Amino acid sequence: MKSKKLMLYLRSKIGTENFYEDINFKVNSTELKMNILKWCDNLQKYKSLNINQFKDLLLPLNEIVLPIKINSIFCGLGGRFDIDFTDSEGKKYYMIQDSLYDYHSMNTYTIGRRNSKLEPLLDRDFTFEILEDKIQLIESGALQLKEDGTNDEISVDFKYDNEENITQATLKSYETNRTIKIQYPTIDMEFDKEVLEFLLKNNEEHWYYYDVFPILRWISCILEKPICVSITAEIEKEISSEIEVVKGKVQKYTLTEIVNEGEVHITKKIFCRDLEEFLDTKE
């Protein structure tokens with residue numbers, strides 16, 4: 001009986017104009033609204049979470065300018081829904097929720113855009129988590145596109161540890177099987193964009209994978225002192241260079257030196273050296 005009353009309450013709330021304030025539908029919305037109804041029901045029933053208005057899901061990505069217009073809708077098996085929409089400035093986005101019945105992920109969803117004027121030649125996505133008192137960003141990703149709009153072999157993913165206030169950015173080059181990971185205190189999305197641009201711009205500098213020191217020099221000029229940062233480069237899933245700095249002290253430093261085509265030297269140093277002193281020794 002309780003579940004039936006809850007469903008009737010949600011049905012009345014989600015059927016109102018207030019729930020869809022600033023949301024305009026260019027297409028038939030019946031099936032989408034039913035999936036949203038089921039989603040809200042499951043969030044309330046299993047996690048005691050409420051969505052007051054649909055636009056609340058959009059506001060955490062503060063670049064979206066309301067109102068929006070939903071242009072197309074896809075509703076698949078398992079209650080998944082996928083919508084394409086345009087904001088009031090003409091920017092195009094998509095939104096995906098594909099786990100209405102999965103307890104562990106029903107309170108997450110993704111908003112993305114492809115080759116937008118905000119970030120040309122990038123496919124960007126942002127994954128959010130609905131909590132009792134807020135909606136927070138937990139992951140984001142960027143896939144580089146070629147001039148013809150097809151996918152390149154370069155991506156940068158961000159994962160956010162909101163409890164520890166730590167962000168990890170990972171550059172992946174699928175063609176060469178190389179990665180660079182940077183872990184740093186969470187700042188904001190604008191700073192993450194700087195990290196993204198730096199990694200994509202310098203991906204062609206292949207020697208960065210053998211010595212990540214230039215990355216440390218760049219990021220140390222931006223982070224608040226004393227800095228805490230970890231930078232790791234991998235080639236074929238093997239560490240080729242790394243630096244770890246804790247509260248302004250360099251704890252370890254690994255680099256790879258290529259002697260000739262058949263010989264490389266990997267040097268690993270473990271110490272506790274002041275960051276400024278360490279940077280000066282590499283001048």
Side-chain angles (χ1 to χ4, degrees), residues 121-122 139-144 146 151-161 164-283:
L121 297 181
L122 285 179
E139 294 181 7
S140 68
L143 179 63
Q144 191 164 269
K146 298 178 182 178
N151 293 347
D152 205 340
E153 298 297 320
I154 306 296
S155 71
V156 179
D157 296 317
F158 294 86
K159 293 187 181 299
Y160 305 95
D161 185 332
E164 299 295 330
N165 203 36
I166 292 173
T167 298
Q168 179 172 287
T170 303
L171 167 73
K172 296 180 181 179
S173 175
Y174 296 97
E175 186 175 2
T176 60
N177 199 15
R178 298 179 177 185
T179 65
I180 292 177
K181 298 178 183 179
I182 309 176
Q183 185 171 289
Y184 54 89
T186 300
I187 300 177
D188 54 34
M189 291 177 69
E190 285 302 313
F191 180 72
D192 294 341
K193 187 175 179 180
E194 288 187 52
V195 173
L196 169 63
E197 292 173 349
F198 176 86
L199 289 173
L200 291 178
K201 178 181 178 181
N202 292 284
N203 176 62
E204 297 301 324
E205 303 289 347
H206 294 300
W207 58 276
Y208 275 29
Y209 292 94
Y210 299 100
D211 187 357
V212 296
F213 178 83
I215 302 176
L216 174 64
R217 181 178 294 282
W218 172 76
I219 203 167
S220 66
C221 296
I222 304 173
L223 292 177
E224 184 177 337
K225 307 297 189 293
I227 76 168
C228 293
V229 64
S230 173
I231 308 168
T232 305
E234 296 181 1
I235 300 175
E236 300 288 344
K237 297 183 179 180
E238 296 287 339
I239 293 177
S240 51
S241 180
E242 64 180 335
I243 294 177
E244 183 175 344
V245 184
V246 179
K247 295 183 179 179
K249 301 290 184 180
V250 182
Q251 304 292 315
K252 61 181 175 181
Y253 175 37
T254 301
L255 72 157
T256 298
E257 298 175 277
I258 301 176
V259 179
N260 53 53
E261 189 173 322
E263 182 179 357
V264 297
H265 291 170
I266 298 176
T267 304
K268 183 174 184 177
K269 301 178 181 179
I270 298 176
F271 41 50
C272 184
R273 179 176 295 179
D274 182 77
L275 174 62
E276 297 304 322
E277 177 189 339
F278 178 73
L279 294 174
D280 288 342
T281 62
K282 297 286 287 186
E283 288 288 354

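Values in this document were obtained by computation on a predicted structure and should not be read as measured data.
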Might you work through the side-chain hydrogen bond (donor to acceptor under 3.5 Å, both in side chains) test for Asp192 and Tyr160, ending with a clear yes or no? CA-CA 11 Å; Asp192 294 341; Tyr160 305 95; 2.9 Å; yes
For Cys228 versus Pro185, what's the shortest heavy-atom pair and its separation? O-CD, 3.1 Å
Using a 4.5 Å cut-off on heavy atoms from C-beta on, say whether the side chain of Thr281 contacts that of Arg273. yes
For Val245 and Phe278, what are the C-alpha separation, side-chain angles and deciding distance, and is it a side-chain contact (heavy atoms from CB on, under 4.5 Å)? CA-CA 11 Å; Val245 184; Phe278 178 73; over 6 Å; no
Nearest 0.5 Å, what's the CG-CD distance between Leu255 and Glu242? 10.5 Å
Non-hydrogen atoms of Leu121 and Lys146 that approach each other most closely: CD2-O, 3.3 Å
Backbone of Thr254 reached by a side-chain donor or acceptor of Ser241 within 3.5 Å: yes
Does any non-hydrogen side-chain atom of Phe191 lie less than 4.5 Å from one of Leu223? yes
Cys272 versus Lys249, closest heavy-atom pair with distance: SG-CB, 3.9 Å
Does Tyr184 form a side-chain contact (heavy atoms from CB on, under 4.5 Å) with Val195? I'd like the steps, not just the answer. CA-CA 11 Å; Tyr184 54 89; Val195 173; 3.8 Å; yes
Over 12 non-hydrogen atoms of neighbours within 6.0 angstrom of CD in Glu175: no
Distance in Å, Ser230 OG paired with Gln168 CD, rounded so as to fall on 0.5 Å steps: 8.0 Å
Does CD belonging to Glu263 count more than 12 external heavy atoms closer than 6.0 Å? yes
Can you find a pair of side-chain heavy atoms, one from Tyr210 and one from Val264, that are under 4.5 Å apart? no
Are Val246 and Glu244 packed together at the side-chain level, in the sense that at least one heavy-atom pair is separated by less than 4.5 angstrom? yes
Tyr174 and Asp152 side chains, donor-acceptor separation under 3.5 Å: no
Test item: Arg178 side-chain N/O and Ala233 main-chain N/O as donor-acceptor pair under 3.5 Å: no
So OG of Ser220 and CD1 of Ile215: to nearest 0.5 Å the spacing works out to 12.0 Å
Residue pair Leu171 / Tyr209, side-chain heavy-atom distance below 4.5 Å: yes
Can you find a heavy atom in the side chain of Leu279 that is under 4.5 Å from one in the side chain of Leu216? yes
Evaluate whether atom NZ of Lys225 has more than 12 neighbouring non-hydrogen atoms of other residues, nucleotides or ligands under 6.0 angstrom away. yes
Interatomic distance, Leu122 atom CG to Lys193 atom NZ [nearest 0.5 angstrom]: 9.0 Å
Short side-chain to backbone donor-acceptor contact, Ser240 and Thr256, under 3.5 Å: no
Before giving the answer on side-chain contact (heavy atoms from CB on, under 4.5 Å), spell out for Leu199 and Ile182 the whole-Å C-alpha distance, their side-chain angles and the decisive distance to 0.1 Å. CA-CA 10 Å; Leu199 289 173; Ile182 309 176; 3.9 Å; yes
Euclidean distance, Leu275 CG relative to Arg217 CZ, rounded to 0.5 Å: 9.5 Å
With side-chain contact (heavy atoms from CB on, under 4.5 Å) as the test, would you mind laying out the steps for Ile258 and Trp207 before giving the verdict? CA-CA 10 Å; Ile258 301 176; Trp207 58 276; over 6 Å; no
Taking side chain as C-beta onward, heavy atoms only, is Asn202 less than 4.5 Å from Trp218? no
Straight-line distance of Glu238 CD to Asn177 CG, nearest 0.5 Å: 10.5 Å
Any non-hydrogen side-chain atom of Ser173 less than 4.5 Å from a side-chain atom of Glu153? no
Would you please classify the geometry between the Phe213 ring and the Tyr253 ring as parallel, tilted or perpendicular, with 30° and 60° separating the classes? tilted
